[in-house]
Amino acid sequence: MTAPEIHNAHCVTAEDDVASVVRNIEPGEVLSINRGDEPIKVTAVTAIPAGHKIALRDFKRGENVIKYGEVIGAASEDIPKGAHVHVHNLEGLRGRGDKR
């Protein structure tokens, strides 16, 4: 019998582009993430504080970022897969009359 895999981050839906990490992550760590029916592996390329988001794919500046199955913002710069996603590289779009 094999031990169950411990996930280091979680997605809410299989469509999510980012996952929330459950502990502080160091660059180079390989994370196991439950995304849909199958776990995926992503290597962190930056430090990520517990509770923050990790990119599950490469983003080009201006691309929408999906979490909870919803657009939560747009990348304000190119974001590589495995990078920390937060206010330094994610621009909120909700409640902004200038971003329709």
Side-chain angles (χ1 to χ4, degrees):
M1 182 173 156
T2 59
E5 188 162 10
I6 297 172
H7 298 289
N8 309 107
H10 295 281
C11 292
V12 176
T13 74
E15 293 77 31
D16 290 356
D17 293 326
V18 294
S20 298
V21 301
V22 297
R23 61 175 175 76
N24 292 333
I25 302 297
E26 297 296 324
E29 285 191 57
V30 178
L31 282 73
S32 173
I33 302 168
N34 65 340
R35 183 181 189 201
D37 294 334
E38 293 187 31
I40 60 171
K41 303 275 187 195
V42 176
T43 302
V45 297
T46 59
I48 305 169
H52 285 225
K53 296 175 286 301
I54 184 170
L56 302 181
R57 66 175 181 89
D58 293 329
F59 292 92
K60 292 289 185 193
R61 181 178 181 196
E63 281 190 290
N64 286 339
V65 176
I66 297 174
K67 184 177 183 184
Y68 313 116
E70 302 283 336
V71 174
I72 61 168
S76 60
E77 61 188 58
D78 291 350
I79 304 171
K81 181 179 180 179
H84 182 204
V85 177
H86 197 54
V87 295
H88 67 286
N89 58 11
L90 178 69
E91 178 181 36
L93 301 176
R94 294 183 180 173
R96 294 186 55 175
D98 63 328
K99 299 282 184 180
R100 292 181 188 233

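Owing to the predicted nature of the structure, the values given are computational and were not obtained by experimental measurement.
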Legend entry - Check: Pro27 and Val45 side chains under 4.5 Å, non-hydrogen atoms: no
Report all side-chain donor-acceptor pairs from residues 69-88 shorter than 3.5 Å, counting only partners two or more places apart or in another chain.
{"from": "Ser76", "atom 1": "OG", "to": "Asn89", "atom 2": "O", "distance (Å)": "3.3"}
{"from": "Asp78", "atom 1": "OD1", "to": "Arg61", "atom 2": "N", "distance (Å)": "2.8"}
{"from": "His84", "atom 1": "NE2", "to": "His52", "atom 2": "ND1", "distance (Å)": "2.8"}

Inset, instruction - First locate atom CG of Asp16, then atom NE2 of His10, and finally report the distance between them rounded to the nearest 0.5 Å. - result: 12.5 Å
Inset, instruction - Looking only at non-hydrogen atoms, find the nearest pair between Val18 and Val65 and report the distance. - result: CG1-CG1, 3.6 Å
Legend entry - Whichever hydrophobic residues join Val21 through chains of side-chain contacts under 4.5 Å: Ile25, Leu31, Ile33, Ile40, Val42, Ile48, Ile54, Leu56
Inset, instruction - Measure the OH-OG1 distance between Tyr68 and Thr13 for me, rounded to the nearest 0.5 Å. - result: 11.0 Å
Inset, instruction - Please test Asn8 against Glu29 for side-chain contact (heavy atoms from CB on, under 4.5 Å), starting from the C-alpha separation and ending with a verdict. - result: CA-CA 10 Å; Asn8 309 107; Glu29 285 191 57; 5.6 Å; no
Inset, instruction - Might you work through the side-chain contact (heavy atoms from CB on, under 4.5 Å) test for Glu15 and Arg35, ending with a clear yes or no? - result: CA-CA 8 Å; Glu15 293 77 31; Arg35 183 181 189 201; over 6 Å; no
Legend entry - Working for side-chain contact (heavy atoms from CB on, under 4.5 Å), residues Lys67 and Cys11: CA-CA 7 Å; Lys67 184 177 183 184; Cys11 292; over 6 Å; no
